Asker: 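One structure, as structure tokens, below. Some questions next.
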Amino acid sequence: MENGNHILTETGAFIHNAIQEDLKGRLNELVTRFPPEPSGYLHIGNAKAVYINFELAKIYGGKCNLRFDDTNPAREEGEYVKSIAEDIRWLGYDPQERIFFASDYFEKFYDCAVRLIEKGLAFVCDLTAEELRASFGGVDKPGTESPFRSRSVEENLKLFAQMKNGDFPDGSKTLRAKIDMASKNLNMRDPVIYRIARLHHHNTGDNWCIYPMYDFAHPLEDAFEGVTHSLCSIEFEDHRPIYDWYINNLDFEKKPRQIEFAKISISNTIMGKRFIKELVASGKICGWDDPRLVTLSGMRRRGYPPAAIREFLGTTGVSKALSKYEFDYLEHFVREHLAPVSKVVMAVLNPLKVVITNYAEGAEELLPLAFHNENDLGTREVPFCREIYIEREDFMEDPPKKFFRLAPGKEVRLKGAYFVTCTDVIKDADGNVTEIHCTYDPATKSGTGIEPPRKVKGTLHWVSAKHAIPITANLYDTLVLDAPDTESGVKENPSSLTQMPSAFAEPCLANATPSDRFQFMRNGYFCLDSGEGNVFNRVVSLKSSFKK
RNA sequence: UGGGCCGUCGCCAAGCGGUAAGGCACAGGACUUUGACUCCUGCACUCGAAGGUUCAAAUCCUUCCGGCUCAGCCA
């Protein structure tokens, strides 16, 4: 879409071909689904699946369901259901009334299992978990058949009903499919269909003490909902035979088809639920919405526009090759979306006081400045007076040859104001620069034209010391990690948050809202944090071609 | 090690028998009331490797080499 590199036209050919072939002339009958387990918050990797499923439905005029795959109460919580629905809407997709829960199908799953037993395709197995595991064999050795495999249909029916009624302790029996213990595909070695576990379910409470396994439940959920194409990630490729086995043996008229694609990941980030939970629990990050995370809620808080994420996702392509994107690539789309809507303002992150010695004490003036050069984002007036702050890094006592900014005896332009020349450097006992003195040239006032024309190499942003408002600027240079992009690296170096606690911004920032986007000149794009106080998050930084 | 999947520039990614798109990154240059933004320019005689088929291959065949993935009563 946005730049022509879209799944419709250039990628995911294997998905499109399959859909075209299966649905010849009836493409609007396409039904996809996004089936998250409510056991964590959505991150950029999950967003890819959201994007593909909803976009495909949109492209073909079909439908996309949001289905919570909540068949394991041990991991799932209502909190996650809420956050997932909210994050999907924020990303730009509205499932409306098409929100389903696998747990609403528990009764139907049970009926299907009974049907399998009646057909002689499932049996109740008394093997313990350890015995079962041992009997599965390994990648290079076949499994052994369960001694309970040949129970009669009647006995299986009776036993399974008793399992449901709670006559047996947790883990004492399972319902298993009767397929092939010698299959090269481990998933086909008489897989477990139901297990006994007295767990409280967020939706069904304590109604059930047996829960279906993913491999059994998922294809049925798809079939119940009329899903035509069940898109999942590539590690489920080995599960396709079992998916088809259940679909075929339960005689569904309309058979959904599973198609796999590779997940995406981003370097220098943590996406694993387990690791994020660890970080949250240890207090190293403030929650699933920590701006250093690539969770949707984290990116939202960080200030990423959802359209930028969608565009990023649109260019990532749908393939089976594993793809790990550099962080720069994601940020590129964020910058592109921020540039036209951000108000360009002045804020000094690391202040250095400048006294303009020949500017009258007590005098001040209001200088009009546009928020943006290209788009008409309005203007504001910026107060100017004798004492101002500039960026500490914009002054060097001993500048290298190509330093265009302020240095002793050098003249620069103050954005929207005057040319100033550095006359004195004030230091403390330790030799640290605490203040610098400048003189200004009244003839160089911005916008008045200078006669004779005079040019200056550098222009600096500044704020009036008297009028500026104090802010805290949060800089996040990488999300989560500086170092290794290994999941375990998180334990060593969880944070790349830098706070600039004594930053100052021009007065107009006092009215900022979290939905506003600002460009702090050379310092990057910022937005107001949704939390307390004047805290601004750096959404992304700009590239700097100034090298010392 | 057995099965499945994958291998095109530093990172992504088009291509699907007719002689290597594009984006990010990077490097030059132009412009500039910030060195940002914008705009130009450059950036794979080569498609994991080796053979073979063909007038012609990244695209077909064979073998080999790498990477990912699977042995939860998780999803």
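What you are looking at is a predicted structure, and each value in this text was computed from that prediction instead of being measured.
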Asker: Considering every strand shown, what is the Watson-Crick or G-U wobble mate of B:C64 when both distances are under 3.5 Å?
Answerer: B:G48
Asker: As a test of reading the structure: which of B:C70, B:U33, B:G7 is closest to the side chain of A:Arg413, going by heavy atoms?
Answerer: B:U33
Asker: Output yes when at least one side-chain N/O atom of A:Ser39 is less than 4.0 Å from OP1 or OP2 of B:C74, else no.
Answerer: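 For A:Ser39, the contact criterion (side-chain N or O under 4.0 Å from OP1 or OP2 of B:C74) is not met.
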Asker: Please state how far atom CD in A:Glu326 lies from atom C1' in B:A13, giving the value in whole angstrom units.
Answerer: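 That distance rounds to 13 Å.
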Asker: Quick check on B:C70: is either OP1 or OP2 less than 4.0 Å from any side-chain nitrogen or oxygen of A:Arg189?
Answerer: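 Checking B:C70 against A:Arg189, no side-chain N or O comes under 4.0 Å of OP1 or OP2.
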Asker: Return the value, rounded to whole Å, for the distance between atom CZ of A:Phe14 and atom C1' of B:C6.
Answerer: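 In whole Å, B:C6 C1' and A:Phe14 CZ are 12 Å from each other.
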Asker: Using a 90° cut-off around 0 for syn, call B:C39 syn or anti.
Answerer: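 Anti, angle beyond 90° from zero.
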Asker: Among the nucleotides B:C5, B:A71, B:G23, which one has an atom lying closest to any side-chain atom of A:Lys320?
Answerer: B:C5
Asker: Apply the syn/anti split at 90° from 0 to B:G72 and say which one it is.
Answerer: syn
Asker: Across all strands, who's sitting opposite B:G22 as a Watson-Crick or G-U wobble pair, both distances under 3.5 Å?
Answerer: B:C12
Asker: What nucleic acid atoms does A:Phe403 come within less than 4.0 Å of, heavy atoms only: base, sugar-phosphate, or nothing?
Answerer: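 Base contact - A:Phe403 has a heavy atom under 4.0 Å of at least one base atom.
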Asker: NA contact type, A:Ser183, heavy-atom cut-off 4.0 Å: base, sugar-phosphate, or nothing?
Answerer: nothing
Asker: So if I take every side-chain heavy atom of A:Phe136 and compare against B:C24, B:C12, B:A71, which nucleotide ends up nearest?
Answerer: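 Looking only at heavy atoms from C-beta outward on A:Phe136, the closest nucleotide is B:A71.
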Asker: Indicate, with a heavy-atom threshold strictly under 4.0 Å, whether A:Leu542 touches base, sugar-phosphate, or nothing.
Answerer: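 The answer is sugar-phosphate, as A:Leu542 gets under 4.0 Å only of primed atoms, P, OP1 or OP2.
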Asker: Would you say B:C24 has OP1 or OP2 under 4.0 Å from some side-chain N or O of A:Thr315?
Answerer: no
Asker: Counting the atoms with a prime plus P, OP1 and OP2 as sugar-phosphate, which does A:Val192 contact under 4.0 Å by heavy atoms, base, sugar-phosphate, or nothing?
Answerer: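 Sugar-phosphate, no base atom in range.
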Asker: Give A:Leu414 one of three labels, base, sugar-phosphate or nothing, depending on what nucleic acid heavy atoms sit under 4.0 Å from its own.
Answerer: nothing
Asker: Please pick, from B:G23, B:C74, B:A75, the nucleotide with the shortest atom-to-atom distance to any side-chain atom of A:Glu76.
Answerer: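 Between B:G23, B:C74, B:A75, the one nearest the side chain of A:Glu76 would be B:A75.
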Asker: Of all the nucleotides listed (B:G10, B:C12, B:C70), which has the minimum atom distance to the side chain of A:Ser323?
Answerer: B:C12
Asker: Taking the six-membered ring where the residue is Trp, are the ring centres of A:Phe384 and A:Tyr359 under 6.0 Å apart?
Answerer: yes
Asker: Indicate whether OP1 or OP2 belonging to B:A13 is found under 4.0 Å from a side-chain N or O atom of A:Thr316.
Answerer: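 So the side-chain polar atoms of A:Thr316 never come under 4.0 Å of the phosphate oxygens OP1 or OP2 of B:A13.
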Asker: One thing to verify: whether A:Lys457 and A:Glu411 come together as a salt bridge, which I'm taking to mean a side-chain N less than 4.0 angstrom from a carboxylate O.
Answerer: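 No, A:Glu411 and A:Lys457 are not salt-bridged.
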Asker: Contact class for A:Tyr194 vs. all strands (heavy atom < 4.0 Å): base, sugar-phosphate, or nothing?
Answerer: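 Here A:Tyr194 touches no strand at all.
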Asker: When you measure from the side chain of A:Lys543, which nucleotide among B:A75, B:U33, B:A25 comes out closest?
Answerer: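 That would be B:A25.
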Asker: Distance to the ring centre below 6.0 angstrom and angle to the axis at most 45 degrees; does that hold for A:Lys164 and A:Tyr110?
Answerer: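 Judged by the rule, A:Lys164 and A:Tyr110 form a cation-pi pair.
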Asker: Rounded off to whole Å, could you give me the CD-to-P distance for the A:Glu77 and B:C74 pair?
Answerer: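 So the CD-P distance, A:Glu77 to B:C74, works out to 17 Å.
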Asker: Suppose we call two aromatic rings close when their centres sit under 6.0 Å apart. Are A:Tyr246 and A:Phe216 close by that rule?
Answerer: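 Yes, they do, as the ring centres are separated by less than 6.0 Å.
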Asker: Does the structure show a Watson-Crick or G-U wobble partner for B:U53, both distances under 3.5 Å? Name it, or say none.
Answerer: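 When the pairing criteria are applied, nothing turns out to pair with B:U53, so the answer is none.
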Asker: Return the set of residues passing ring pair (Phe, Tyr, Trp, His ring centres under 6.0 Å) with A:His201 (not counting sequence neighbours), or none when no residue passes.
Answerer: A:Phe106
Asker: What nucleotide among B:A75, B:C74, B:G3 has an atom nearest to a side-chain atom of A:Asp69?
Answerer: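 Nearest nucleotide to the side chain: B:A75.
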Asker: In the strands shown, is B:G17 matched to any nucleotide by a Watson-Crick or G-U wobble pair with both distances under 3.5 Å, and which?
Answerer: none
Asker: One character per nucleotide, please: for nucleotides 64-69 of chain B, 5' to 3', B when the base has a protein heavy atom closer than 4.0 Å, S when only the sugar-phosphate does, - otherwise.
Answerer: ----S-
Asker: Determine whether the aromatic ring centres of A:Tyr214 and A:Phe236 lie less than 6.0 Å apart.
Answerer: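 Yes, the ring of A:Tyr214 comes within the 6.0 Å limit of the ring of A:Phe236, centre to centre.
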Asker: Establish, yes or no, whether a centroid distance under 6.0 Å links the rings of A:Phe536 and A:Phe526.
Answerer: no
Asker: For A:His461, report the nucleic acid contact type (base, sugar-phosphate, nothing); a contact means any heavy atom under 4.0 Å.
Answerer: base
Asker: Given the C1' atoms of B:C70 and B:A14, what is the spacing between them in whole Å?
Answerer: 31 Å
Asker: Using atom CG of A:Leu186 as one end and atom C1' of B:G3 as the other, report the distance to the nearest whole Å.
Answerer: 8 Å
Asker: Heavy atoms under 4.0 Å, any strand shown: does A:Gly458 hit a base, just sugar-phosphate, or nothing?
Answerer: nothing
Asker: Identify which nucleotide among B:U33, B:C12, B:G10 has an atom closest to any side-chain atom of A:Lys324, counting heavy atoms from C-beta outward.
Answerer: B:C12
Asker: Compare side-chain N and O positions of A:Arg133 against OP1 and OP2 of B:A71 and report whether any pair is under 4.0 Å apart.
Answerer: no
Asker: Can you tell me the Watson-Crick or wobble partner of B:U38, both distances under 3.5 angstrom?
Answerer: B:A30
Asker: I'd like to know whether the aromatic ring centres of A:Phe333 and A:Tyr329 sit less than 6.0 Å apart in this structure.
Answerer: yes
Asker: Please figure out whether A:Pro212 or A:Lys457 has its closest RNA chain B nucleotide nearer the 5' end.
Answerer: A:Lys457
Asker: Write down the distance between NE2 (A:His239) and P (B:C5), rounded to a whole number of angstrom.
Answerer: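 After rounding, the gap between these two atoms is 14 Å.
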Asker: Just how far, in rounded Å, is C1' of B:A25 from CG of A:Leu330?
Answerer: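 Going from CG in A:Leu330 over to C1' in B:A25 covers 14 Å.
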Asker: Could you check which nucleotide pairs with B:A71 in any of the strands shown, counting Watson-Crick or G-U wobble with both distances under 3.5 Å?
Answerer: none
Asker: Does a side-chain N-to-carboxylate-O contact under 4.0 Å join A:Asp441 and A:Arg454?
Answerer: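 Here A:Asp441 pairs with A:Arg454 in a salt bridge, since their nearest N and O are under 4.0 Å apart.
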Asker: Out of B:A75, B:C73, B:U34, which has the shortest distance to the side chain of A:Leu460?
Answerer: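 Closest nucleotide among those given: B:U34.
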Asker: When the aromatic ring centroids of A:Tyr194 and A:Phe160 are compared, is their separation below 6.0 Å?
Answerer: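 Yes.
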Asker: Could you tell me how far apart A:Phe261 (CZ) and B:C5 (P) are, to the nearest whole angstrom?
Answerer: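 After rounding, the reported distance stands at 18 Å.
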Asker: What is the distance from NE2 of A:His372 to P of B:A36, rounded to the nearest Å?
Answerer: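 Answer to the nearest Å: 15 Å.
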Asker: Could you check whether A:Gly143 gets within reach of a base, just the sugar-phosphate, or nothing at all, counting any heavy atom under 4.0 Å?
Answerer: nothing
Asker: Would you classify A:Ala339 as touching base, sugar-phosphate or nothing, given that sugar-phosphate means primed atoms plus P, OP1 and OP2, and contacts are heavy atoms under 4.0 Å?
Answerer: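 No contact.
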Asker: Under 3.5 Å, sequence neighbours excluded: what are the donor-acceptor pairs made by side chains of residues 133-143 of chain A?
Answerer:
from: A:Ser135; atom 1: OG; to: A:Leu132; atom 2: O; distance (Å): 2.8

